[in-house]
Amino acid sequence: MVDPLVLLAFVPAALLLNLTPGADMMFCLGQGLRSGKGAAVAASAGITLGGMVHVILAGLGLSTAIAALPHALDVIRWIGVAYLLWLAWHSWNAGAVRRGGNVAVLSVGRAFWQGFIVNLSNPKVILFVLAFVPQFVDPGRGSILGQFLIFGSVIGLGGFVINGGVGLMSGVFS
């Protein structure tokens, strides 16, 4: 379905996206520091699932909707900003760090769902999927959605390993 040479060209680009620090990576780092290895890996898995939602939506035509309604991307971006600010406010109000006490540990399930939401509202991922992935899709090679899923799986697997690794390594520094 996907030309192997095209896939070979796509892999380094996807890895560069995954290696670029952003909200997803910082969230996994924070979960590793705050709640431990399990929460860091769960957050990375939630982020990966969120990325696959972006890929599926793009494969089903979200890029056409964004092109028709350019302000929709701004709305998504501001929802993401609001969510990250809400997380920061919630953490700040917990106050344990400021008072030198213990930080409330986030459960694995909650870390997963917060990672999912962080990724869904991450404009870097939205833009990458909408602007970059379609350049590798060849309508003459079969299912467009299938190709999006293959490329999205590359992004997702790389992101899971890199973000999860960052979260796991954060324990070294805590």
Side-chain angles (χ1 to χ4, degrees), residues 14-66 69-97 102-134 145 148-149 151-171 174:
L15 287 175
L16 283 175
L17 168 75
N18 290 322
L19 288 169
T20 305
D24 294 347
M25 187 179 288
M26 294 302 112
F27 186 73
C28 289
L29 175 68
Q31 290 313 306
L33 290 170
R34 176 182 184 185
S35 302
K37 294 177 181 180
V41 172
S44 184
I47 286 166
T48 300
L49 181 61
M52 291 308 293
V53 169
H54 289 301
V55 167
I56 291 168
L57 291 174
L60 292 173
L62 182 62
S63 56
T64 304
I66 295 294
L69 302 166
H71 296 298
L73 190 58
D74 289 331
V75 170
I76 293 168
R77 181 178 317 138
W78 284 108
I79 289 170
V81 167
Y83 181 70
L84 291 173
L85 288 173
W86 179 82
L87 286 175
W89 177 258
H90 183 69
S91 294
W92 179 263
N93 282 334
V97 173
N102 293 329
V103 177
V105 174
L106 201 62
S107 72
V108 169
R110 188 151 185 185
F112 175 87
W113 288 112
Q114 283 190 358
F116 178 73
I117 293 169
V118 164
N119 186 275
L120 280 182
S121 59
N122 186 343
K124 181 178 85 168
V125 178
I126 296 167
L127 288 172
F128 186 81
V129 170
L130 291 178
F132 191 70
V133 174
L145 179 59
F148 265 91
L149 291 173
F151 292 126
S153 296
V154 169
I155 295 169
L157 179 61
F160 177 74
V161 169
I162 290 168
N163 290 328
V166 167
L168 290 171
M169 291 303 296
S170 67
S174 60

Side-chain touch Phe112/Ser107, heavy atoms, less than 4.5 angstrom
no
Does a side-chain heavy-atom distance below 4.5 Å link Phe151 with Val55?
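Not touching, per the 4.5 Å side-chain cut-off.
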Please name all residues satisfying side chain to side chain contact (heavy atoms under 4.5 Å, CB included) with Leu29, sequence neighbours left out, ordered by chain then number.
Met26, Leu33, Val166, Ser170
What residues, two or more places apart in sequence or in another chain, satisfy side chain to side chain contact (heavy atoms under 4.5 Å, CB included) together with Ala40?
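Once residues adjacent in sequence are excluded, Ala40 has no partner under the side chain to side chain contact (heavy atoms under 4.5 Å, CB included) criterion.
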Please give me the minimum heavy-atom distance between [X] and [Y], naming the atom from each residue.
| X | Y | value |
| --- | --- | --- |
| Gln31 | Leu106 | OE1-CD2, 3.0 Å |
| Phe148 | Ala58 | CE2-CB, 3.6 Å |
| His54 | Leu120 | CE1-O, 3.2 Å |
| Gly115 | Ile47 | O-CG1, 3.3 Å |

Hey, could you give me the OG1/CG distance between Thr20 and Leu15, rounded to the nearest 0.5 Å?
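CG of Leu15 is found 10.5 Å from OG1 of Thr20.
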Show every donor-acceptor pair shorter than 3.5 Å between a side-chain atom in residues 154-163 and any protein atom, with sequence neighbours excluded, or say none if there are none.
residue, atom, partner, partner atom, Å
Asn163, ND2, Gly159, O, 3.3

Can you spot which of Thr48, Asn18, Asn119 makes a side-chain hydrogen bond (donor to acceptor under 3.5 Å, both in side chains) with Asp24?
Asn119
For Phe116 and Trp113, take the angle between the two ring planes, folded into 0 to 90°, and tell me which bin it lands in: parallel under 30, tilted 30 to 60, perpendicular over 60.
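If you compare the ring of Phe116 with that of Trp113, the planes turn out perpendicular.
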